[in-house]
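Since the structure comes first, as structure tokens, the remarks are kept for the end.
Each chain gets a letter, A, B and so on, in the order its sequence line appears, and its residues count up from 1.
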Amino acid sequence: MHLSEQEIIRREHLEELRSMGIDPYPAEAFVVNALASDIKAQFNDDAPEQFETVAIAGRMMVVREKGKVTFAELQDSSGRIQLYISRSDIADGENFEMYDVVLKRLLDFGDYIGIKGFVFRTRMGEITVHVKELKLLSKSLRPLPMVKTRVNEATGETEVYDAFTDPEQRYRMRYVDLTVNPQVKAAFITRSRIISAMRSFFDAKGWLEVETPILQPIHGGAAARPFETHHNTLDMKLYMRIANELYLKRLIAGGFDGVYEIGKMFRNEGMDRTHNPEFTAMEIYVAYKDYYWMMEMVEQCLEHIARAINQDNPVLNFGEHEINYAGPYRRLSMYDSIKEYTGVDISEMDETQLRDLCKQLHIDIDNTMGRGKLIDEIFGAKVEKNLIQPTYIIDYPIEMSPLAKKHRSKAGLVERFELFVSGKEIANAYSELNDPIDQRERFEDQLQLAARGDHEAMAMDEDFLRSLEYGMPPTSGLGIGIDRLTMFMTNNHTIQEVLFFPQMRAEH
RNA sequence: GAUCUCGUAGCUCAGCUGGCUAGAGCACUUGACUUUUAAUCAGGGGGUCCUGGGUUCGAGUCCCAGCGGGAUCACCA
């Protein structure tokens, strides 16, 4: 094992501490009674006795030695607070070893320490803990990146020096990234609060959070290539789920009014800034509802989430845009949206006319594409990127949506919407197809597509059809990509920034 | 999977048309300093220049291959 000079020095410090009788990894708990951020927020110069005996713990991140007194910064889960340590305060009588040897030489930047002391304000105005006791809680054997910040007095902005920025290292060693980059940590905290706000919104409606199989004998509910695996006892091929839609609908058929699941989906496909092989989806199904009802529910839910993470303000920044999550959102049919951005009315066009239009618009197509796919290509090329504020695109061609109910009044379309924000899809919903005979025909159409070589076509799921034959109430269902939603709501532009551990190649 | 691009100290980076012992700041280390805050001051140490070949008197630098990252594209309703 190759060690750098600094790693060797830290291991020597560790041994020296042991030889002094100081356990670098003590077992007993260190009882904490305050957080750095709370002390800073609540300290009152007129009532300093409130923080007469604080006990805090965290990493020692910056050390400024100044003779017989040392200033350090302690970083706990909430942030940083300055420590003031004087030689005589932590001495054992006339024995100054704790200061001269342990603090000045053997403790390193990044070590976990616990301290007890009282809070005061230095003459430079910084709220600081005056240390009376100091204990090593865990030794750090590798030097963290030394990220320094300074407030520019002219602009008032915080400037960062020697930032830890290399994406490869940040993603491979997320623990380091989280330790030294507070803005990274903040995004993950927001992610957790987004999910929590969504869950509490659904729970308040009385809908039930459920879990359905990740290992599935038939991969259904979406069009994507699955990961395959094998169960030894059953000697059976299984797939990691690409979607959970068909299982959740079985539960609606079983009599629940509303069920939802937040969980990982797995798709064996390419990776880029908006795709990771495993990602988190929320799917919800509510009985006796249609897609119009669902649009209102989504507006309320997203506004609730945005307010929950942004001081009750539904307007969030994303790049150069301010996105307003307060409803109602604009509703635009697929055909009208294409008319709006191309000037062409395609509602009466057949496949041949659509092909001509694609050529005219310089959109790449191939011969396998049917009418629905051609419309989707036009939409993707000409419309999608313009949908900045939350916008519902509604009423899709039937060929693209084998699980959605036929439109109640528009032939050839289904009752489906997708929600777009900042030019990207973040939600997809239907009035669910509950007619088992229609559903069987749709599956059969998919089988024909598969026979023609479409590897994205859905497989026949006889057990799902059986559940519809027993009867499923009219239902509306919705899926939301949690990772993408988090990207938009935390102003991050790659999925890697909202996944703790994005997929990467093996390191060696 | 394709194309472009990057890989130098713990971190952030410089290193010219190939040419002295590969550099800087921070970090580390030794010393000074009892209210500092990118602390300061004086000294010192630290390198698989991603890996493997090749060209050359000489390669961090040029060429080839590989590994890893990023970007764009393809794929992903």
Confirm from the modelled atom types if A:R123 and B:rU35 form a donor-acceptor pair under 3.5 Å, side chain to base only. no
Starting at atom CZ of A:F71, determine the distance to atom C1' of B:rU35, rounded to an integer number of angstrom. 4 Å
Do you see a donor-acceptor pair shorter than 3.5 Å between the side chains of A:E497 and A:Y171? yes
Under-4.0 Å salt bridge between A:E377 and A:K373: yes
Would you kindly check whether a donor in the side chain of A:Q82 faces an acceptor in the base of B:rU36, or vice versa, at under 3.5 angstrom? yes
Starting at the 5' end of RNA chain B, which residue's closest nucleotide do you reach first, A:L144 or A:R121? A:L144
Face-on cation placement of A:R174 at A:F500 ring, 6.0 Å and 45° thresholds: no
Phosphate-side-chain proximity, A:H13 and B:rU29, N/O vs OP1/OP2 below 4.0 Å: yes
Which whole-number value in Å describes the distance from A:F109 CZ to B:rC28 P? 8 Å
Reckon A:R170 touches a base, only the sugar-phosphate, or nothing at all at heavy-atom distances under 4.0 Å? nothing
Complementary nucleotide for B:rC26 - Watson-Crick or wobble, under 3.5 Å: B:rG10
Partner nucleotide, any strand, of B:rG1 [Watson-Crick/G-U, under 3.5 Å]: B:rC73
Base of B:rG7, side chain of A:D166 - is there a donor-acceptor contact under 3.5 Å? no
Under 6.0 Å between the ring centres of A:Y329 and A:F417? no
Is any side-chain N or O of A:S86 under 3.5 Å from a base N or O of B:rU34, one able to act as donor and the other as acceptor? no
In whole angstrom, give me the gap between the P atoms of B:rC57 and B:rA14. 32 Å
Going by purine N1 to pyrimidine N3 plus the second Watson-Crick contact, or the G-U wobble pair, all under 3.5 Å, which nucleotide sits opposite B:rG19? B:rC57
With respect to the side chain of A:P145, which nucleotide from B:rU36, B:rU29, B:rC11 is positioned closest? B:rC11
Pairing donors with acceptors under 3.5 angstrom, does anything connect the side chains of A:D272 and A:T274? yes
Sticking with atom C1', work out how far B:rC16 lies from B:rG23, rounded to a whole angstrom. 14 Å
Mind checking A:F420 for me? I need base, sugar-phosphate or nothing, with any heavy atom below 4.0 Å counting as a touch. nothing
What is the nucleic acid contact for A:M146, judged by heavy atoms within less than 4.0 Å: base, sugar-phosphate only, or nothing? sugar-phosphate
Suppose you measure atom P in B:rU21 against the same atom in B:rG25; what distance do you get, rounded to whole Å? 22 Å
Heavy-atom nearest nucleotide on RNA chain B taken for A:T165 and for A:E126; more 5' hit belongs to A:T165
Could you check A:T179, A:L178, A:V180 and say which one makes a side chain to side chain contact (heavy atoms under 4.5 Å, CB included) with A:K185? A:L178
Looking only at N and O atoms, is any donor in the side chain of A:E5 or the base of B:rG45 less than 3.5 Å from an acceptor on the other one? yes
Please report the distance separating the P of B:rU36 from the corresponding atom of B:rG31, rounded so that it comes out in whole Å. 24 Å
Nearest-angstrom distance from the residue atom CG of A:N181 to C1' of B:rC11: 11 Å
Round to a whole Å and report the spacing from CD of A:Q6 to P of B:rA9. 13 Å
Measuring centre to centre across the rings, with the benzene-like ring taken for any Trp, is A:Y84 within less than 6.0 Å of A:F71? yes
Sugar-phosphate, base or nothing in reach of A:V62, heavy atoms under 4.0 Å: sugar-phosphate
Could you check whether A:M334 gets within reach of a base, just the sugar-phosphate, or nothing at all, counting any heavy atom under 4.0 Å? nothing
Taking atom C1' in both B:rC50 and B:rG60, compute the distance separating them and give it to the nearest angstrom. 12 Å
Spacing between A:Q503 atom CD and B:rC75 atom P, to the nearest angstrom: 22 Å
For the pair made of CD in A:E73 and C1' in B:rA38, what is the distance, rounded to whole Å? 10 Å
Between B:rC49 and B:rU37, how many Å separate the two P atoms, rounded to a whole number? 39 Å
Could you state the CG-C1' distance from A:D177 to B:rU12, rounded to the nearest angstrom? 15 Å
Return the nucleotide paired to B:rU34: Watson-Crick means purine N1 to pyrimidine N3 with N6-O4 or O6-N4, wobble means G-U with N1-O2 and O6-N3, both under 3.5 Å. none
Find the distance A:I9:CD1 to B:rU30:C1' and express it as a whole number of Å. 11 Å
Can you see if the side chain of A:K66 gets near the phosphate of B:rU35 - specifically, an N or O under 4.0 Å from OP1 or OP2? yes
